[in-house]
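Structure first, commentary second.
In the text below, chain A, chain B and the rest are named by the order of the sequence lines, each starting its count at 1.
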Amino acid sequence: MKIIGISILMFVFLTVFSLCMDILLGFDLNTSVNNAIRPFLVMEVSEIVIFFLLIVLMVVGPVRTLYNKRKKKQQR
Amino acid sequence: MEKAKISAYQLFILIVLFELGSALLVPIAIEAKQDAWLAILIGMVGGFCLYLVYHGLYSYYPDIPPTEYLQKIMGSFLGKILAFIYVLYFIYLSARVLRDFGEMLITSFYWDTPLFILNTLMALLVIYTVRKGIEVLARTSELLFVLIFLLGISVLFLIVVSGIIQISNLKPVLEEGIKPVLKTTFTQTLYFPFGEVIIFAMILPYLNRPAKVKQIGLLAIGFSGLILASVMAINVSVLDVNNITRSPFPLLSTIQTIEVAGFLERLDVYFILITVIGVFFKMCLFFYASVVGTANLFKVKESARLAFPLGLAILILSITIASNYSEHIKEGLHVITLYLHLPLQVIIPSLLLLIAFIKNKKKKRKQSKNLFPKRKYRLVERDKK
Amino acid sequence: MKKGIFILLILSIFLTGCWNRRELNELGITLAIGIDKSDDEYLVSAQVVVPSEVSMKGGTGATPVTLIKGRGETVYEAIRKMTKGMSRKIYPGHLRMLIISESLAKEGIGDPLDLISRDWELRSDFYVAVARDATAEQILNVQTPLETIPANKMFSTLKVSEENWAATVGVTLDQLITDLRSDGKEAVLTGILVTGNSEIGSSKQNVETITPATSIKLDDLAVFKEDKLVGWLTEDESRGYNGIVNQVKNTVGTVSCPEGGKADIEVLHFKTKVKGIVKNGSPEVDLQVNIEANVGAVECRIDLTKPESIKILEKAYEKAVEETINHSIISVQEKYETDIFGFGNAIHRSNPKEWKTMKKQWNQHFTDLAANVKVDVKILKTGTVNNSVVVKRKD
């Protein structure tokens, strides 16, 4: 869980980071946010499937370790 | 920090592949027109200076990564914030390299394949490598360096044999004086690709023979600088300045012009191999540094477990970073150099070195004043922890 | 590990080979494209190979290529509109020739060329030529003997002729764009023309006779000013042009013998060095031409066993080359006022500072430019016989 927390934290900061770069390049905030989201709106079906697969994989690992830990605790 | 060791030779190869990575791909120093090679060489000299700064910091704290010694130099709070910024910077750069790679494949070969898919493939590969650790990466680099070296030699041979080099395209040298060349150097080549060796500050603690770090690093930067400068000179002499400014990937255009004996032509695959290998290592090193840095900063024991989620973040970032290629390149060559590279590669490390220098001098003075040797030992031990 | 295999399996479903595969039998392999313009619309014609007719097994006797046409406001639109009359999408990856009609060339070729250089499927190793006194469509509409595919015929003709006669220039797209963008050199392109009745040319009958009723032939060079065609060189001027820009590989020159009759000189090596100088503020160029040659054929009474007579031939050929070069420089200066020889680039290299002030009005400077031509000819071999057939043995 800690790992997912860290990653989400990093991701948020990174997005802010890259938006800042866009703004420094001379776009306003609206355009740069729009630019960032747009690639995900035009995805093909197979792209979306792969994208979600990757996210699921990211979550599965930590959840499983957490589940195992609890099991061990219960067994004790 | 994982317990791994790399040799001096491996460090040399890693630095060379890192420098060549995306710098071979994009038109660097093209603002200096036919003197681009000169701008690269001057940038290389600047790269030496920067490397000496990073090495100076390393020699004060040879066993711990920058994310940790930042906290020692600047104090816990400020140091942590700076370290966090550096980690973000590394992740951001590795997303940029990934985007370079995807754009290269898309514009030249995989016209209709979505950028996301190409980037996913590369990202998965990089995540896998980084999970395996720095030793695996170093050994892979030894293997692939031979391949890239042979490819480079054969491409050079074919270019010379096909007689497309026109040295006169490089003239006149210094048409508008040295000014534009220096300007290009200090706005571009100094930071990209040479200043980016700052990433090796994260790698240096793994070296098994710390005495050689300085010599090997300088040698590697010099070697890659010479290669980059000569490749750019060849590009200009083959394509002419006018065409180079039009071409998004000059080396690709150069290789496409090769035609020997009517059948050795269309050697685009050479370019693909060279750049994919280069980009792979550049991205791996950036990514490795960011994973290790994050783990170090947030005290995660197994840094490998961070690889997948962070890799996913990089993948998404590489898509959202810019909406098209020209925006991406403009950001890379103009915005980032000024607002990111300059402070993070030059100003902060120099300041850090200064502070570290003063601090260590004070410490030494204190130590020499101290008459009880027992306490001195304790100090050293605490440092090690 | 399991996870890795899982990912690989999933990916392999989506990525079997390529994202958007196109099989060979879905491609219309295009070897030549012609661009015309009429009524503000581009008329693009593409010569597409009919695979069954060029296969080794032999076809049904139909024509080996077919011509597809499309109209549109831009070249790109026209090419896409072709799909209305064709079952396959144009695939220009193997393009050999790009033909531009003379009338379009006079209007300017910059805009239509942009797509051609930007499109990723096109490589830049094909030749560009201008259709003289004809539309590009007419050129692509002629069947040719020897090579079954007309586009290949034009491509190889250009290559062979450039290497052996040196009055034509095979200009690739890269070269053309370099010239168009350069301040110190203007572009030239080879002309192509149709001789004979262009209606018969398109049918298979055309290649069923020994002398085809219609054929396509290379012509002299077209001169451009910026991206607009301004005129044509003569054959002699074209050869002079090739000499100046150092593109002669092999050619034959004819000189008159002192006692009447002609001798042919076969050029083996031809090297020209152009050096720019600025004298008293006005630009000049020094041309140093070095030639190594053979005696090809002698149709006059000259004793080739004597070194003096070789010298005479050398001198005569030096003069001839010098005249050709001077003639083409002067006539281009007078008629077209456009620097196709790249003298501007020579000045740019040698005197970058002066070039900056001259750059803007370079074509005016070019018309007043003095060229100092020096030719040096060395005759190496006299062929497999010494004296000509007509020189009688003196016994």
Is chain B contacted by the side chain of [X], its backbone, both, or neither, given a heavy-atom distance below 4.5 Å?
{"X": "Leu9(A)", "value": "side chain"}
{"X": "Phe27(A)", "value": "side chain"}
{"X": "Leu19(A)", "value": "neither"}

For [X], I'd like to know if atom [atom1] has over 12 heavy atoms of other residues, nucleotides or ligands within 6.0 Å.
{"X": "Lys183(B)", "atom1": "NZ", "value": "no"}
{"X": "Asn30(A)", "atom1": "CG", "value": "no"}
{"X": "Phe298(B)", "atom1": "CZ", "value": "yes"}
{"X": "Tyr325(B)", "atom1": "OH", "value": "yes"}

[X] versus chain A, the contacting section by heavy-atom distance below 4.5 Å:
{"X": "Phe308(B)", "answer": "side chain"}
{"X": "Tyr92(B)", "answer": "both"}
{"X": "Thr294(B)", "answer": "side chain"}

Can you find a heavy atom in the side chain of [X] that is under 4.5 Å from one in the side chain of [Y]?
{"X": "Pro309(B)", "Y": "Ile3(A)", "result": "yes"}
{"X": "Val87(B)", "Y": "Met10(A)", "result": "yes"}
{"X": "Pro39(A)", "Y": "Phe116(B)", "result": "no"}
{"X": "Ile50(A)", "Y": "Ile117(B)", "result": "yes"}
{"X": "Phe40(A)", "Y": "Thr320(B)", "result": "yes"}

Distance from [X] atom [atom1] to [Y] atom [atom2], nearest 0.5 Å?
{"X": "Phe51(A)", "Y": "Thr120(B)", "atom1": "CZ", "atom2": "OG1", "result": "9.0 Å"}
{"X": "Leu25(A)", "Y": "His328(B)", "atom1": "CG", "atom2": "NE2", "result": "12.0 Å"}
{"X": "Ile319(B)", "Y": "Met43(A)", "atom1": "CD1", "atom2": "CE", "result": "6.5 Å"}
{"X": "Ile55(A)", "Y": "Ile316(B)", "atom1": "CD1", "atom2": "CD1", "result": "5.5 Å"}
{"X": "Leu14(A)", "Y": "Ile314(B)", "atom1": "CG", "atom2": "CD1", "result": "8.0 Å"}
{"X": "Met21(A)", "Y": "Leu340(B)", "atom1": "CE", "atom2": "CG", "result": "3.5 Å"}

Looking only at heavy atoms, what is the nearest atom pair of Asp22(A) and Ile321(B), with distance?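 Looking at all heavy atoms of both residues, the shortest contact is OD1-O, 3.6 Å.
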With respect to chain B, which residue among Asn34(A), Leu24(A), Asn35(A) yields the maximal number of heavy-atom pairs within a distance under 4.5 Å?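 When all of Asn34(A), Leu24(A), Asn35(A) are compared, Leu24(A) has the most.
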Do the two ring centres, one from Tyr89(B) and one from Phe17(A), sit under 6.0 Å apart?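 That pair fails the under 6.0 Å test.
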